[in-house]
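Working notes, structure below.
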Amino acid sequence: MSTPLRFVWSSRSGIRAQLLSFLDALPAGDFDARVRVLRLLRLFGGEDELPLVRALLLNPREHFTVRSWALGLALHLGLRLSGAELSGLVGASALSPSQEDAPVLESYRCLRLVRAEEDIPWVEAFLLRWSPWERADLLIQSRREGEPLPAPVLTWLYTRWCQEDRGALEREPGGPERNLQVAAATWTRPESWALLARESRNLSSEGPMPREALHQLLSADPEALHQAARALRLPLPTLLVCLGREGLLRRLEEVLHAQSLSLNVAYGLMSAPEDYPRALEVLAEWPEARASRLRFLCDFGVALELRRELLRQLFQRERATAVRWALAAWKWPENLPLVRTVLREAAGSAEPGDRPLFLAALSGTDDAAACFALEGLLALDESGPPWLERLEALLYAAHPLVCVRAAAGLLRWGRAEGGELLRRTARESDEPWLRAEALRWLGALDAPGHVELLERGLRDETWEKKRWPEADEAAWALFRWGTPEALGALLTAWLHGGTADVEAYLAAHLARQEGRPFEHLPPPRTRALVARYIEQPFAGG
């Protein structure tokens, strides 16, 4: 097997040149690698890539996946197609929007390439081929998607709906409901607002209208307004006006009781209330609901999963209260899963006020709680002879991740046995979550000294791609190290089939290098799964 080409981190133009050279050398059939190059050209390329993107997008012999990613890059770079090119592209995607034959490019994304009013005649014939249902779907999707359709397309679709499609749908089963969905998606237009006002009592409980707009719509109909308030569909101030303080508290408790019952009744015989997600939002934003939240949290008759949701909410809004609750709740064994929840949340963002809870967990008999406590205490730089003695004892714990984290603590204080256990686990463990956790701490404590091991963690030649947990942690460690060698390793691994999500890391480094602001990046997704593995170590990940 030939040695994979290694990429070198340099400037934007230097990386772009390497990517284009790599793309030229790839066979047409290696569509996975070609797609990976296109994804990175979104970061490192520019308008100079428009001819390449046009060629890949319009070539019907290119693999569908390559063309699909070329379409995304075309939208990102602002590709302008000629009328004939646009017609051919939309026509190919519009052969039959509801058919499941050979894969075609998504019509919605192709229509986003319409740039001006003069492009409409080139796509109008294809829009007319579709049914009123399919055109209505485009209007609804444009409101739902993060990237709406261009204004010329929306104007054509809406005009067609007003003049013909709305009437055609009204005569079909389910058509009136679809018309209401279109009106809700285009609620700022007068024709839509008039329809919504006439049918306000028939509006779906879910829709794209802001709650303030719904309040305005229903203000002339007191009964409909009250029903919307009962469904918690209105802004909090309006809910208080319509239901009153006590009425709103009762309504929230009704919804929580119904949710608890649906979770406690076996076989899904009781459906969950539709307004439960909104009830949680109101609980979070209304300070006077605090007592209700705490009462449900302390009720053993309430479903455990609902109590867990309320506890997470309490932790996010009143962290110190949640930590104190966990310390007190430990007296009852039924609360152990909830105490673990607080430990898990606190360990990921440890603060000095969490230390008593961590120490209590480490002194207990629950291995999962101890594992979360170790993570938190490592983040707080716990030290001292009793701490080291405890770590030495935990090195032989029954829970494998307790051992790994104890080893990390020992390595931090220069104890060779900690590093030996971490390296052995990273190389030899059969469990991907254990390998990932070992690489996490090796990278956090001494990334430069373990580059070879981290680069090895990035590689995954297995067809099942089972090594992605360790690849995630290795990529994060190299990203945090941030040298050109580390970034070059990320580039190389990604372009040769690596499974770690490195694009955000590369974008952040490029922004930093070019003096641009960049968003804070969260730790790798693997850690949430490792936390689940902590509580179920023999569930196979």
Side-chain angles (χ1 to χ4, degrees), residues 1 4-7 9 22 30-40 42-43 65-66 68-69 72 344 347-348 371 375 400-401 403-405 408 422-445 447 450-482 485-509 521-541:
M1 181 183 296
L5 175 67
R6 292 188 67 88
F7 291 82
W9 179 270
F22 182 56
D30 195 351
F31 61 87
D32 179 67
R34 290 161 69 80
V35 163
R36 288 168 181 267
V37 172
L38 289 177
R39 291 173 67 170
L40 290 189
R42 184 182 177 95
L43 298 178
T65 308
V66 174
S68 180
W69 281 96
R344 174 177 174 174
C371 201
E375 180 180 13
L401 274 169
C403 301
V404 169
R405 290 183 175 177
L422 291 177
R423 285 187 290 272
R424 185 168 64 251
T425 302
R427 289 193 181 97
E428 302 173 9
S429 175
D430 294 331
E431 173 53 62
W433 312 118
L434 284 175
R435 296 195 300 268
E437 188 72 4
L439 285 177
R440 169 188 177 178
W441 295 106
L442 286 173
L445 298 174
H450 296 99
V451 170
E452 183 179 352
L453 199 54
L454 294 170
E455 287 193 33
R456 178 179 177 271
L458 290 174
R459 296 194 295 272
D460 191 352
E461 286 86 20
T462 65
W463 68 270
E464 308 102 322
K465 299 297 180 186
K466 288 184 176 180
R467 302 181 68 92
W468 65 264
E470 60 200 282
D472 268 6
E473 287 294 355
W476 175 258
L478 291 169
F479 160 67
R480 295 291 299 274
W481 186 21
E485 293 80 8
L487 272 292
L490 292 182
L491 274 171
T492 300
W494 168 250
L495 289 167
H496 289 296
T499 56
D501 294 328
V502 304
E503 289 168 272
Y505 301 159
L506 300 177
H509 271 279
L521 297 178
R525 54 183 173 160
T526 300
R527 295 190 187 173
L529 298 171
V530 168
R532 185 187 307 165
Y533 172 81
I534 287 171
E535 298 191 63
Q536 297 178 323
F538 306 110

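Here, residue 1 is the first one in the sequence, and each next residue gets the next number. Note: hydrogens, waters and symmetry copies are ignored here, and every other heavy atom, side chains too, is used. Not measured: the values here are computed from a predicted model.
Judged by the 6.0 Å and 45° rule, Arg525 forms a cation-pi pair with Trp468.
By the 30° and 60° cut-offs, the orientation of the rings of Phe479 relative to His509 is perpendicular. Tyr533 and Trp433 have tilted rings, their planes meeting at an angle from 30° to 60° on a 0 to 90° scale.
Side-chain contact between Leu5 and His496: present, with at least one pair of heavy atoms (C-beta onward) separated by less than 4.5 Å. Contact of the Thr526 side chain with the Trp476 side chain is not registered, since no non-hydrogen atoms from C-beta on lie closer than 4.5 Å. Under the 4.5 Å side-chain criterion, counting only non-hydrogen atoms from C-beta, Leu422 is not in contact with Thr425. Looking at Leu487 and Leu478, their side chains never come closer than 4.5 Å, going by heavy atoms from C-beta outward. Residues Ile534 and Glu375 form no side-chain contact, since every pair of their non-hydrogen atoms from C-beta on lies 4.5 Å or further apart. In this structure, the side chains of Arg440 and Glu437 come closer than 4.5 Å at one or more pairs of heavy atoms. No side-chain heavy atom of Glu503 sits less than 4.5 Å from a side-chain heavy atom of Leu506. By the 4.5 Å heavy-atom criterion applied to side chains, Pro524 and Glu473 are counted as neighbours.
For the atom pair CG of Leu521 and CZ of Arg480, the computed distance is 10.0 Å after rounding to the nearest 0.5 Å. The CZ atom of Phe7 sits 4.5 Å away from the CG atom of Leu495 when rounded to the nearest 0.5 Å. Atom-to-atom distance recorded for Arg427:CZ and Arg456:CZ is 7.0 Å, nearest 0.5 angstrom. Atoms CD and CD, from Glu431 and Glu470 in turn, are 10.5 Å apart once rounded to the nearest 0.5 Å.
Shown here for Ala531 and Arg344, the closest heavy-atom pair between the two residues is CB-NE, 3.4 Å. When all heavy atoms are compared, the tightest approach of Gly443 to Ala477 is CA-CB, 3.7 Å. Of all the heavy atoms in Ala447 and Leu454, the pair that sits closest is O-CD1, 3.9 Å. Here the shortest heavy-atom pairing between Trp481 and Val451 reads CZ3-CG2, 2.9 Å. Contact between Leu458 and Ala471 at its shortest, heavy atoms only, is CD2-O, 3.6 Å. Shown here for Arg36 and Trp494, the closest heavy-atom pair between the two residues is NH1-O, 2.6 Å.
Without hydrogens or angle criteria, Arg6 side chain to Gly488 main chain gives no donor-acceptor distance under 3.5 Å.
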Open item on the list: Under the criterion side chain to side chain contact (heavy atoms under 4.5 Å, CB included), I'd like the reasoning laid out for Val35 against Asp32: C-alpha separation, chi angles, the key distance, then a yes or no.
Closed with: CA-CA 5 Å; Val35 163; Asp32 179 67; 5.7 Å; no
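The existence of a salt bridge linking Asp30 and Arg34 is excluded, since no basic side-chain nitrogen approaches an acidic carboxylate oxygen closer than 4.0 Å.
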